[in-house]
Amino acid sequence: MSGLVLKLSPKERVLINGAVIENGDRRSRLSIMTPNANILRLRDAIHPEEVTTPVRRVCYIAQLVLSGDAQEDEAKIQLLRGVEQLSQVFTDPDSRGQMAIATEQIVSGNIYQALKALRALLPREERLMAARQN
């Protein structure tokens, strides 16, 4: 993950290796040079009470690793199991592609990139849940 660039809005907060960092009054860019740094944009964070769906649950597990609240080795098993379960529901080619990316990144230990791929499933899940309620 060498060379990850974060573009931050004014006052935006980000968690980097367990430390919360808040941007100043202007937009800025941070280049993260440390490979496999644990990074989480707090605006993207899922709060425990929001973990109400299967995709959110898997994303939350990845988020716990990035925040330092879960051990990566143990979480990898849960993440891979969660992606496998999601693959039973998300059968379209684009979703399958996102899950393949997530799986590859989990196995490689790139939890940030795995979370990014999994978050792409959230709008699809929302549409499926809405259609199910109608």
Side-chain angles (χ1 to χ4, degrees):
M1 186 189 307
S2 179
L4 174 68
V5 176
L6 292 176
K7 296 176 184 176
L8 301 175
S9 300
K11 300 294 183 187
E12 183 175 356
R13 292 180 179 181
V14 63
L15 183 74
I16 301 176
N17 289 342
V20 175
I21 299 170
E22 183 176 89
N23 190 27
D25 294 330
R26 296 184 178 166
R27 294 183 59 80
S28 65
R29 291 170 42 123
L30 294 175
S31 295
I32 309 298
M33 302 309 292
T34 303
N36 300 319
N38 292 326
I39 299 165
L40 177 65
R41 287 179 178 272
L42 295 183
R43 71 175 183 203
D44 295 335
I46 297 172
H47 299 279
E49 64 274 4
E50 297 171 337
V51 183
T52 57
T53 66
V55 175
R56 286 181 172 274
R57 182 180 57 80
V58 177
C59 288
Y60 188 70
I61 294 168
Q63 180 179 299
L64 289 175
V65 173
L66 294 175
S67 68
D69 293 320
Q71 294 296 318
E72 185 174 331
D73 291 340
E74 295 172 19
K76 276 185 176 182
I77 295 166
Q78 292 179 14
L79 288 167
L80 291 170
R81 190 174 297 137
V83 171
E84 175 62 30
Q85 291 170 350
L86 293 175
S87 72
Q88 304 300 314
V89 176
F90 294 96
T91 57
D92 63 283
D94 190 44
S95 295
R96 292 257 181 209
Q98 291 299 323
M99 288 183 289
I101 291 168
T103 299
E104 180 181 311
Q105 296 302 322
I106 292 164
V107 170
S108 300
N110 298 322
I111 305 302
Y112 178 84
Q113 295 297 332
L115 177 59
K116 187 175 170 182
L118 290 167
R119 287 187 65 81
L121 299 175
L122 287 170
R124 295 177 185 129
E125 179 184 52
E126 194 172 307
R127 286 192 300 271
L128 283 173
M129 299 294 251
R132 185 174 165 220
Q133 291 175 356
N134 290 336

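Numbering of residues begins at 1 and proceeds along the displayed sequence.
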> How far apart are the C-alpha atoms of L6 and R41, what are their side-chain angles, what is the distance that settles it, and do they pass the side-chain contact (heavy atoms from CB on, under 4.5 Å) test?
Replying inline: CA-CA 9 Å; L6 292 176; R41 287 179 178 272; 4.0 Å; yes
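- The side-chain contact (heavy atoms from CB on, under 4.5 Å) test with V65 is passed by exactly one of E72, E74, K76, Q78: E72.
- For the residue pair S108 and N110, no side-chain donor N or O sits within less than 3.5 Å of a side-chain acceptor on the partner.
- L80 is connected to F90 through a chain of hydrophobic side-chain contacts under 4.5 Å among Ile, Leu, Val, Met, Phe, Trp and Tyr, so both are in one cluster.
- When the shell of 6.0 Å around CD1 of I77 is examined, it contains 12 or fewer heavy atoms from other residues, nucleotides or ligands.
- A distance-only check finds a donor-acceptor pair linking the side chain of E50 to the backbone of H47 [under 3.5 Å].
- Residues I16 and N38 have side chains not in contact (no heavy-atom distance under 4.5 Å, counting atoms from C-beta outward).
- Between the side chain of S95 and the backbone N or O of D92 there is no donor-acceptor pair closer than 3.5 Å.
- Scanning all heavy atoms of the two residues, the minimum distance from R119 to C59 falls at N-SG, 4.0 Å.
- Smallest separation of non-hydrogen atoms from T53 and E125: OG1-OE1, 2.6 Å.
- Nearest heavy atoms, R27 versus P10: CG-CD, 3.8 Å.
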> Does the side-chain contact (heavy atoms from CB on, under 4.5 Å) test come out yes or no for I111 and L79, once each step is laid out?
Replying inline: CA-CA 10 Å; I111 305 302; L79 288 167; 4.1 Å; yes
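- Under 3.5 Å, the side chains of Q85 and R57 contain a donor-acceptor pair of N or O atoms.
- A distance of 9.5 Å separates CD1 in I106 from CD1 in I61, rounded to the nearest 0.5 Å.
- Rounding to the nearest 0.5 Å gives a distance of 7.5 Å between CG of D69 and OH of Y60.
- In the hydrophobic cluster analysis, where Ile, Leu, Val, Met, Phe, Trp and Tyr join through side-chain heavy atoms closer than 4.5 angstrom, L64 is grouped apart from V20.
- No donor-acceptor pair closer than 3.5 Å links the side chain of E22 to the backbone N or O of E12.
- Remark: the backbone N or O of S87 is paired with a side-chain donor or acceptor of R96 at under 3.5 angstrom.
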> So L15 and I39, side-chain contact (heavy atoms from CB on, under 4.5 Å) or not? Walk me through it.
Replying inline: CA-CA 6 Å; L15 183 74; I39 299 165; over 6 Å; no
> For Y112 and L40, what are the C-alpha separation, side-chain angles and deciding distance, and is it a side-chain contact (heavy atoms from CB on, under 4.5 Å)?
Replying inline: CA-CA 8 Å; Y112 178 84; L40 177 65; over 6 Å; no
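- How far CG of L42 is from OG of S67: 10.0 Å, rounded to the nearest 0.5 Å.
- In the hydrophobic cluster analysis, where Ile, Leu, Val, Met, Phe, Trp and Tyr join through side-chain heavy atoms closer than 4.5 angstrom, V55 is grouped apart from I46.
- Scanning both residues, K11 and D25, for their nearest heavy atoms gives CE-OD1, 3.0 Å.
- Within the 4.5 Å cutoff, side-chain heavy atoms of L115 are placed close to those of L66.
- Two residues are said to be in side-chain contact when any heavy atoms from C-beta on lie closer than 4.5 Å; R13 and I21 fail this criterion.
- When the shell of 6.0 Å around CZ of R43 is examined, it contains more than 12 heavy atoms from other residues, nucleotides or ligands.
- Here the closest non-hydrogen pair linking A114 and A102 is CB-O, 3.7 Å.
- Note that the CD1 atom of I101 and the CG atom of L118 stand 10.0 Å from one another [nearest 0.5 Å].
- Within a 6.0 Å sphere centred on CD of Q88, other residues, nucleotides and ligands contribute more than 12 heavy atoms.
- With contacts defined as side-chain heavy-atom distances shorter than 4.5 Å, the pair V89/P54 does not qualify.
- Within a 6.0 Å sphere centred on NZ of K7, heavy atoms belonging to other residues, nucleotides or ligands number 12 at most.
- Only one option out of L8, V5, N23 pairs with R29 in a side-chain contact (heavy atoms from CB on, under 4.5 Å); it is V5.
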